[in-house]
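Only this structure's heavy atoms are used, side chains among them; waters, hydrogens and symmetry mates stay out. Below, read A as the first sequence line, B as the second, and so on, with proteins coming before strands; counting in each chain starts at 1.
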Amino acid sequence: MEEVRVRFPPSPTGYLHIGGARTALFNWLYAKKHNGKLILRIEDTDEERSTQASIDGILEGLQWLGIDWDEGPYFQTEFAADHITAANKLLASGHAYKCFCTKELLEQKREAAVAAKQEFGYDGTCRHLTAAEVQEKESQGIPSVIRFKVPVRHGSLGYDDQVLGCIERAYSDIEDFVIVRSNGKPLYLLCNVVDDIRDRITHVLRGQDHMSNTTRQVLLYEALQAKLPVFAHMPLTLDLQKRKISKRSHGEVVAVQFYRDNGFIPWALCNFLCLLGWNPGTEQEFFSREELVETFSLSRISRVNSVFNFKPGDPKFITDPKLIAINEHYLRTMDLDELGTLVRKELEEENLWNPAYEGARRDWYLATLNMIRDRFHTLKDFTTGGRAYFSDEYAIDPKPLAKNVLKFPELATWLPQLAERFATLAEFSVEETERVSREMADELAIKPGVLINGMRTVLTGQLAGPSMFDILMTLSREKVVARLKRIDHLFAAA
RNA sequence: GUCCCCAUCGUCUAGUCUGGUCCAGGACACCGGCCUUUCACGCCGGCAACACCGGUUCAAAUCCGGUUGGGGACGCCA
């Protein structure tokens, strides 16, 4: 059987956004599923807008997501000769012609047509120029573009889309399109096809915004006498206003980098993205890589555009709530060693990493992550809300400080007294610490919660957290006693 | 103006091809309860949708037609 070869061809004119990432992911999944190859091709033929920063951003984004490619990255501009050769071939075979209409004139005509609410396609002015007329214009030095000559046929052109079914369009509705600029540089429609032919691409999986390109490119394949790949157009991702998402209008939240910078787990993003416009036909929503590769199929891609549920300025959700929920799910269920590696990066960035966490304190490190991960949302929480587990320098959140500590001024003496009892305990265990804590609350005739919650806030800086006595064990007797004793400043400041 | 695609809870979606098992299932979010030293997790429960109008049929979310709505494309961008 023919090898499956798919490609992801971003144009380096901006950062990798979630729509592009999803396209890459679907292609990657399809390649993996069929033991095929994914080709990465940077389509940099727009010299004015392509940037190196964008290329770097796209590559980094894909790598971070874990989407690897088998060939490339190829750069489209490096194959300019192929594109020119193909254009000349089309010219020679009568499938294309030189057009001398100026950009300005065309724009004028178009504007007039729009104003008059008329059709505004190319009118075919240069389509029927004789060889002599062409020669004369060229001798006068008039610049020209090369246009594809759409065949005059009755009926319509169709192709079988793997997602949408049979797509048809009347030949008469397709206008002659430019394939080479007047400066000799070939355009996307042509380059893309020439490269796909050269790269032996068997399946073209891209967004529905390319549908009209596909119709024209089918013509190109035919004229170039190349075998047509299989096409599949996936639905677009829109915002709540049903607008196409773009970094310009939506900001960082649609950029893949945003998720890396905000502590998201790469695979959680992939898992979320795959559910946007695709489903397995079962009620399964979480997939390992292997499961997703196994389950993925083009036939289950939706035909309906999906909405990225992001509300700008929402204080509770920095992005689509479902994406956050998926991230939380992986945070608390993923393999501890893997989590350890991800959290290590976060700790290192904040100078909280201790090499012993990979050695003597490995068990402590993983057990601590396991204890605190249940109520975290992102990897960032390990260095913010979880900071007190890794450093003695941590801030006390003002809200719990007021509610759990300052509200009971007596804690200024109670907590150091409790520390003293901990210090002299024969056995520093969950049971014993709880016993003496409750015992002391009894003696003082107060609710145990006063001591427990006060302790929590002093020891972790937080309003809430894991079971208090587990925290005690994790922190160690020394730290607990020390932290509970030096609390004068908390009251002094207030 | 022309062409193409689409239409189920607030959002992601199952069900549409192969009409009846769907007074429409799951997830997220939201609300309530249980658990509990806190907050989460977890568990249990609740709210919430077939765009509209016609037609076909014993029977329509499902088939057909129309309307409306949304999206995409119409570049010497990709």
Side-chain angles (χ1 to χ4, degrees), chain A residues 9-13 43-46 48-50 76 99 101-103 106-107 110 113-122 143-147 161 163-165 167-170 172-175 177-183 185 187-189 191-192 207-215 233 235-236 238 240 242-244 272 275-286 302-310 316-317 320-326 328 332 372-376 400 403-404 434 437-438 441 447-453 455-457 462-469:
Chain A
S11 66
T13 55
E43 306 219 320
D44 54 350
T45 54
D46 185 340
E48 287 170 15
R49 297 196 300 151
S50 296
Q76 194 159 56
C99 169
C101 296
T102 65
K103 205 177 183 176
L106 258 21
E107 272 168 20
R110 189 159 34 236
V114 170
K117 299 203 169 189
Q118 304 280 301
E119 268 189 72
F120 44 82
Y122 178 62
S144 64
V145 300
I146 299 177
R147 273 184 196 277
D161 188 291
V163 173
L164 270 5
I167 303 298
E168 292 193 342
R169 190 167 170 192
S172 55
D173 283 329
I174 312 170
E175 63 202 61
F177 52 93
V178 178
I179 53 177
V180 179
R181 294 179 173 94
S182 58
N183 67 3
K185 305 274 188 189
L187 256 3
Y188 167 78
L189 248 13
C191 300
N192 192 247
Q208 282 182 12
D209 51 342
H210 280 284
M211 277 200 289
S212 66
N213 288 334
T214 301
T215 311
H233 292 100
L236 270 19
L238 312 172
L240 276 171
K242 299 281 173 68
R243 297 199 169 288
K244 211 170 151 182
F272 168 76
L275 258 14
L276 231 44
W278 176 86
N279 73 78
T282 64
E283 286 178 354
Q284 184 174 5
E285 295 211 281
F286 297 108
S302 166
R303 291 172 300 278
V304 193
N305 290 164
S306 43
V307 170
F308 181 62
N309 189 12
F310 162 66
K316 197 167 175 192
F317 302 106
D320 191 316
K322 185 136 184 169
L323 170 50
I324 295 172
I326 290 175
E328 289 166 349
R332 56 184 180 252
I372 59 182
R373 65 171 164 176
D374 269 0
R375 52 219 94 202
F376 286 170
K403 186 184 170 193
N404 291 340
E434 178 163 6
S437 299
R438 290 184 182 281
K447 283 191 246 175
V450 173
L451 290 179
I452 292 170
N453 291 327
M455 251 197 292
R456 185 193 318 285
T457 299
Q462 300 293 301
L463 178 65
S467 168
M468 194 57 236
F469 304 100

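Side-chain proximity of A:Leu187 to B:U2, B:G42, B:C76: nearest is B:C76. When each of B:A7, B:C30, B:A14 is scored by its nearest atom to the side-chain atoms of A:Asn279, the top-ranked nucleotide is B:A14. Among B:C76, B:A78, B:U37, the nucleotide with an atom closest to any side-chain atom of A:Val145 is B:C76. Of the candidates B:C30, B:C77, B:C39, the closest approach to any side-chain atom of A:Arg375 belongs to B:C39. Distance from the side chain of A:Ile167 is smallest to B:C5 among B:C3, B:U37, B:C5. Distance from the side chain of A:Leu164 is smallest to B:C5 among B:C41, B:C28, B:C5. Distance from the side chain of A:Ala464 is smallest to B:C39 among B:C5, B:C3, B:C39. With distances taken from any side-chain atom of A:Arg49 to the nucleotides B:U37, B:C77, B:C76, the minimum falls on B:C77. Listed nucleotides B:C28, B:C12, B:G1 differ in distance to A:Leu276; the shortest reach to its side chain belongs to B:C12.
In terms of polar N and O atoms assigned as donor or acceptor, the side chain of A:Ser467 comes within less than 3.5 Å of the base of B:U37 in a complementary pairing. Between the side chain of A:Ser306 and the base of B:C12, no donor-acceptor pair of N or O atoms lies under 3.5 Å. Counting distance only, with no hydrogens placed and no angle test, the side-chain atoms of A:Arg456 and the base atoms of B:U37 include a donor-acceptor pair under 3.5 Å.
Residues A:Ser50 and A:Asp44 have side chains that never bring a donor and an acceptor to within less than 3.5 angstrom of each other.
Taking SG from A:Cys191 and NZ from A:Lys185, the interatomic distance works out to 10.5 Å, rounded to the nearest 0.5 Å.
A donor-acceptor pair under 3.5 Å is absent between the side-chain atoms of A:Asn192 and the main chain of A:Tyr188, judged by distance alone.
Judged by closest nucleotide on RNA chain B, A:Lys322 is the one of A:Lys322 and A:Thr102 placed further toward the 5' end.
If you check every strand for non-hydrogen atoms under 4.0 Å, A:Pro466 touches a base. Within the 4.0 angstrom heavy-atom criterion, no nucleotide atom of any strand lies near A:Glu48. Across all strands shown, A:Arg169 has heavy atoms under 4.0 Å from sugar-phosphate atoms exclusively, and none from any base. As judged by a 4.0 angstrom heavy-atom cut-off over every strand, A:Phe177 is placed among residues making no nucleic acid contact. Across all strands, A:Asn213 comes closer than 4.0 Å to base atoms (heavy-atom distances). Residue contacts shown for A:Gly281 are absent, as no nucleic acid heavy atom lies under 4.0 Å away. Nucleic acid contact class of A:Pro321 (heavy atoms, under 4.0 Å, all strands): sugar-phosphate only.
In this structure, A:Met455 and A:Ser437 approach most closely via the heavy-atom pair CE-OG, 4.0 Å.
Annotation: cation-pi geometry not satisfied between A:Arg147 and A:Phe177 (NZ/CZ under 6.0 angstrom from ring centroid, within 45° of ring axis).
Base pairing analysis places B:A73 opposite B:U2; the two distances defining the Watson-Crick or G-U wobble pair are each below 3.5 Å.
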Distances under 3.5 Å between nitrogen or oxygen atoms of protein and nucleotides 64-72 of chain B:
| unit_1 | atom_1 | unit_2 | atom_2 | d |
| --- | --- | --- | --- | --- |
| B:G71 | O2' | A:Asn305 | OD1 | 3.1 |

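The 12-atom threshold is exceeded at CZ of A:Arg181, counting heavy atoms of other residues, nucleotides or ligands nearer than 6.0 Å.
The pair A:Glu285-A:Lys322 counts as a salt bridge, with a side-chain nitrogen and a carboxylate oxygen less than 4.0 angstrom apart. The pair A:Arg438-A:Glu434 meets the salt-bridge criterion, with a side-chain N (NZ, NE, NH1 or NH2) lying under 4.0 Å from an Asp/Glu carboxylate O.
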